[in-house]
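Single-structure report; data block below.
Nothing here was measured: the structure is a model prediction, and the numbers come from that model.
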Amino acid sequence: FDQDVLGWLSDELRRHRAAPGVVLDLRLNPGGNTFALSMAIAEFFRHRVDEGRVIRRSGREHEAHSFAWNSAHYGGHVVILTSAATASAAEIFTHVLQHHGRATVIGQKTAGAVIYARHYDLPGGGRLQVPVMDFVGLDGQRLEGRGVTPDIILPVPTFAERRADHDVELATAEDVLEHEAASRVASVTARIAPFGSQMAPASAR
């Protein structure tokens with residue numbers, strides 16, 4: 001989650017705006033910039049949405065919201081792949097899209113590592129990381145130490161599956177998107193059918 005990746009994501013979503021669905025693989029994503037996070041969330045909504053509450057060490061808190069600027073506003077189905085290595089901003093992104101019903105999450109529970117921290121340089125070349133802000137999700141619960149639970153929980157891939165290059169999670173995501181696409185077609189057909197049954201053939205008019 002940084003400005004370069006955000007730019008790539010937005011470009012790809014605009015280029016494939018007509019795609020019925022996308023898969024976002026966040027299984028090894030460690031998070032990143034909170035501003036890029038808020039803009040990435042906005043890529044999948046047509047209006048501003050709540051992200052949760054940020055609480056500072058002083059006790060002050062504020063509501064976080066998505067921030068749209070030249071966003072793709074992609075409207076297709078979204079599937080997010082997660083693992084225990086999905087952390088920080090990647091977890092908040094997943095939580096927000098899941099809570100708003102915007103994505104189906106597949107994989108394993110995320111890391112539960114979302115506390116905002118700052119790094120300070122130390123004499124001798126070391127660095128000190130200090131937590132400065134906590135995050136409370138849209139369900140009113142802290143994500144720290146809890147993580148995001150997928151809608152479809154899958155076991156950690158075995159070594160045999162990895163050696164065989166058999167990605168069960170990606171295959172499941174593709175199945176979910178195909179099922180959602182079929183459901184959408186069936187729904188549209190059902191709405192059109194009553195009107196179609198009342199239309200007489202051209203030869204009969």
Side-chain angles (χ1 to χ4, degrees), residues 1-13 22 24-74 78-151 153:
F1 283 80
D2 59 27
Q3 294 304 116
D4 290 339
V5 173
L6 174 65
W8 171 85
L9 173 66
S10 188
D11 289 344
E12 289 298 308
L13 291 175
V22 298
L24 303 176
D25 189 350
L26 302 183
R27 287 175 289 185
L28 296 175
N29 193 300
N33 184 283
T34 55
F35 183 65
L37 162 66
S38 295
M39 293 186 69
I41 290 172
E43 296 288 341
F44 298 91
F45 295 91
R46 295 193 175 278
H47 52 83
R48 189 176 78 161
V49 297
D50 296 334
E51 295 178 14
R53 285 186 294 125
V54 175
I55 305 175
R56 298 180 180 276
R57 293 177 67 92
S58 64
R60 293 175 53 197
E61 58 182 79
H62 70 271
E63 301 289 334
H65 305 280
S66 61
F67 178 77
W69 183 76
N70 197 29
S71 299
H73 301 302
Y74 176 74
V78 180
V79 174
I80 300 175
L81 304 183
T82 62
S83 74
T86 305
S88 192
E91 296 183 81
I92 297 175
F93 176 91
T94 302
H95 166 74
V96 172
L97 267 68
Q98 183 188 53
H99 181 87
H100 287 293
R102 192 63 188 85
T104 300
V105 182
I106 297 174
Q108 299 88 47
K109 182 183 288 189
T110 62
V114 300
I115 287 181
Y116 298 76
R118 287 180 181 169
H119 293 83
Y120 299 89
D121 293 331
L122 298 175
R127 300 190 77 196
L128 177 66
Q129 183 177 5
V130 180
V132 295
M133 289 186 292
D134 198 2
F135 178 82
V136 177
L138 293 165
D139 56 0
Q141 303 295 316
R142 297 176 69 229
L143 278 185
E144 182 70 22
R146 181 170 64 101
V148 178
T149 300
D151 300 297
I153 301 175

[X] [atom1] to [Y] [atom2] distance, which is reported to the nearest 0.5 Å:
| X | Y | atom1 | atom2 | result |
| --- | --- | --- | --- | --- |
| Arg27 | Leu81 | CZ | CG | 5.0 Å |
| Tyr120 | Leu128 | OH | CG | 8.5 Å |
| Arg142 | Ile55 | CZ | CD1 | 8.0 Å |
| Thr34 | Met39 | OG1 | CE | 12.0 Å |
| Ile106 | Asp151 | CD1 | CG | 8.0 Å |
| Arg46 | His73 | CZ | NE2 | 7.0 Å |

Practice task
Look at the rings of Tyr116 and Phe135 and say which category their plane angle falls in: under 30° parallel, 30 to 60° tilted, over 60° perpendicular.
Solution key: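 Judged by the thresholds at 30° and 60°, the geometry between Tyr116 and Phe135 is tilted.
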For [X] against [Y], the heavy-atom pair lying closest together:
| X | Y | value |
| --- | --- | --- |
| Glu91 | Ala111 | OE1-N, 3.4 Å |
| Ala90 | Phe1 | CA-CE1, 3.6 Å |
| Ala89 | Gly32 | CB-N, 3.7 Å |
| Gly52 | Leu138 | N-CD2, 3.6 Å |
| Ser38 | His65 | OG-O, 3.5 Å |
| Leu26 | Phe93 | CD1-CD2, 3.8 Å |

Considering only heavy atoms from C-beta outward, does the side chain of [X] approach that of [Y] to under 4.5 Å?
| X | Y | value |
| --- | --- | --- |
| Ile115 | Gln129 | no |
| Val54 | Asp134 | no |
| Val22 | Val79 | no |
| Asp2 | Leu6 | no |

Exercise for the section: Go through the steps to decide whether Leu13 and Phe44 satisfy the test side chain to side chain contact (heavy atoms under 4.5 Å, CB included), and finish with yes or no. Expected result: CA-CA 9 Å; Leu13 291 175; Phe44 298 91; 3.6 Å; yes
Exercise for the section: For atom CG of Leu28, decide whether the heavy atoms of other residues, nucleotides or ligands shown that lie under 6.0 angstrom number more than 12. Expected result: no
Exercise for the section: Flag yes if more than 12 heavy atoms outside Arg127 fall under 6.0 Å of its CZ atom; otherwise flag no. Expected result: yes
Handout entry: Test side-chain contact (heavy atoms from CB on, under 4.5 Å) applied to Val148 and Val114, Thr86, Thr110, Val96, the passing residue
Key = Thr110
Problem - Check: Gln98 main-chain N/O paired with Arg102 side-chain donor or acceptor under 3.5 Å - result: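 No, Arg102 side chain to Gln98 backbone: no donor-acceptor pair under 3.5 Å.
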Exercise for the section: Using modelled atom types only, decide if a donor and an acceptor are shared between the side chain of Asp139 and the backbone of Gln141 within a distance under 3.5 Å. Expected result: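 Confirmed, Asp139 side chain pairs with Gln141 backbone.
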Practice task
Using only heavy-atom distances, determine whether the side chains of Ser66 and Glu51 contain a donor-acceptor pair under 3.5 Å.
Solution key: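 No.
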Problem - Exercise: do Ser10 and Glu43 side chains pair donor with acceptor under 3.5 Å - result: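 Judged by distance alone, the side chains do pair up.
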Practice task
Given side chain to side chain contact (heavy atoms under 4.5 Å, CB included), test Leu97 with Ile80 step by step and report yes or no.
Solution key: CA-CA 9 Å; Leu97 267 68; Ile80 300 175; 4.1 Å; yes
Handout entry: Residues forming a ring-ring contact (aromatic ring centres under 6.0 Å, His included) with Phe45, sequence neighbours excluded
Key =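 Phe45 satisfies ring-ring contact (aromatic ring centres under 6.0 Å, His included) with His100 once adjacent residues are dropped.
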